[in-house]
**Q** 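Sharing a structure with you now.
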Amino acid sequence: VILHTNSVKAHAWGAAVTLGMPCRLVWHFRDILPHRFPVFPFLGWLSRFPDRILTISRAVADQWPGHPRVTVVYNGIPLEDGYGAPPGGGTSPVGGILPGSGTSSASVVRDPLRIGMVAQIARWKGQELLLRALARVRGEFPGLVCDLVGGVLFRENEEGYARHLNRLAEELGLGGR
């Protein structure tokens with residue numbers, strides 16, 4: 001049995017519930033947490049319990065310097081050649097999901113510039129910063145489109161923030177972009 005956890009809260013619970021149990025614990029870490037993050041010291045202490053800590057990048061792995069069970073596992077969409085075909089030709093395994101996929105990267109240039117963020121709606125994820133940055137550059141990139149994809153995971157903390165983001169997008173003239 002393997003328990004695979006995907007969030008800071010789940011990592012802590014996973015460490016607690018697997019203690020003394022005949023199962024493996026795998027943390028899947030995607031975030032770079034500020035060292036002043038309130039639970040960071042506790043999380044460091046808890047990191048002795050998982051059998052493996054998977055991280056999505058070297059930057060994320062660097063939060064666990066010298067940890068013997070950290071392994072970098074990159075996300076599964078190859079983006080070596082923009083959104084399109086892998087270097088050397090061939091068909092992208094993305095298969096039409098991304099603009100220009102399955103073609104040369106030259107086709108991406110004809111597509112509108114599209115930025116996406118897939119994340120839980122949370123202040124520390126930076127959605128507000130992204131909206132403000134888009135508002136600053138929209139004159140230089142009139143066809144710019146941004147997809148914010150995600151939802152509120154912890155309603156008690158972030159439901160108001162989601163409403164704030166919607167209002168801010170309208171105030172900044174980004175509605176529909």
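Bear in mind that the values here come from a model prediction, so they are computed numbers and not experimental data.
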**Q** Just jot down the side-chain hydrogen bond (donor to acceptor under 3.5 Å, both in side chains) partners of Glu128, sequence neighbours excluded, or say none.
**A** Arg132, His164
**Q** Taking it one step at a time, do Glu158 and Leu153 satisfy side chain to side chain contact (heavy atoms under 4.5 Å, CB included)?
**A** CA-CA 8 Å; Glu158 302 297 353; Leu153 186 58; over 6 Å; no
**Q** Just distance, no hydrogens or angles: give the donor-acceptor pairs under 3.5 Å from side chains in residues 55-66, sequence neighbours left out.
**A**
residue	atom	partner	partner atom	Å
Thr55	OG1	Ser57	O	3.3
Ser57	OG	Ala59	N	3.4
Ser57	OG	Val60	N	3.1
Gln63	OE1	Leu33	N	2.6
Gln63	NE2	Asp31	O	2.8
Gln63	NE2	Val60	O	3.3

**Q** Minimum heavy-atom separation for Gly14 and Thr5, please, with both atom names.
**A** CA-CG2, 4.2 Å
**Q** Rounded to the nearest 0.5 Å, how far does CD of Glu170 lie from CG of Leu131?
**A** 10.5 Å
**Q** If only atom types and distance count, is the side chain of His28 paired as donor or acceptor with the main-chain N or O of His4 below 3.5 Å?
**A** no
**Q** How would you list, by chain and number, every residue that makes a side-chain hydrogen bond (donor to acceptor under 3.5 Å, both in side chains) with Arg69, sequence neighbours excluded?
**A** none
**Q** With Trp13, which residues qualify under ring pair (Phe, Tyr, Trp, His ring centres under 6.0 Å), at least two apart?
**A** none
**Q** Backbone N or O of Ala133 within a donor-acceptor pair of the Arg136 side chain at under 3.5 Å?
**A** no
**Q** Quick check: closest heavy atoms across Leu46 and Ala15, and the distance to 0.1 Å?
**A** CD2-CB, 3.8 Å
**Q** Any side-chain heavy atom of His67 sitting closer than 4.5 Å to one from Ile53?
**A** yes
**Q** Run through the side-chain heavy atoms of Ile, Leu, Val, Met, Phe, Trp and Tyr, join any pair under 4.5 Å, and report what else lands in Val26's cluster.
**A** Ile2, Leu54, Val73
**Q** Can you tell me how far apart CG (Leu3) and SG (Cys23) are? Round to the nearest 0.5 Å.
**A** 6.0 Å
**Q** With a 4.5 Å cut-off on side-chain heavy atoms, are Phe29 and Leu43 touching?
**A** yes
**Q** Out of curiosity, does Leu129 fall in the hydrophobic cluster containing Ile121 (side-chain heavy atoms, cut-off under 4.5 Å, transitive links)?
**A** no
**Q** Is Val17 reachable from Leu19 through a run of I, L, V, M, F, W or Y residues, each pair having side-chain heavy atoms under 4.5 Å apart?
**A** yes
**Q** Can you list every side chain to side chain donor-acceptor pair (under 3.5 Å) pair that touches residues 15-27, not counting sequence neighbours?
**A** Arg24-Asp51
**Q** Would His11 and Phe49 count as a close aromatic pair, with their ring centres under 6.0 Å?
**A** no
**Q** For the side chain of Gln127 and the backbone of Gln120, is there at least one donor-acceptor N/O pair under 3.5 Å apart?
**A** yes
**Q** To the nearest 0.5 Å, how far apart are CD in Glu140 and CG in Leu144?
**A** 10.5 Å
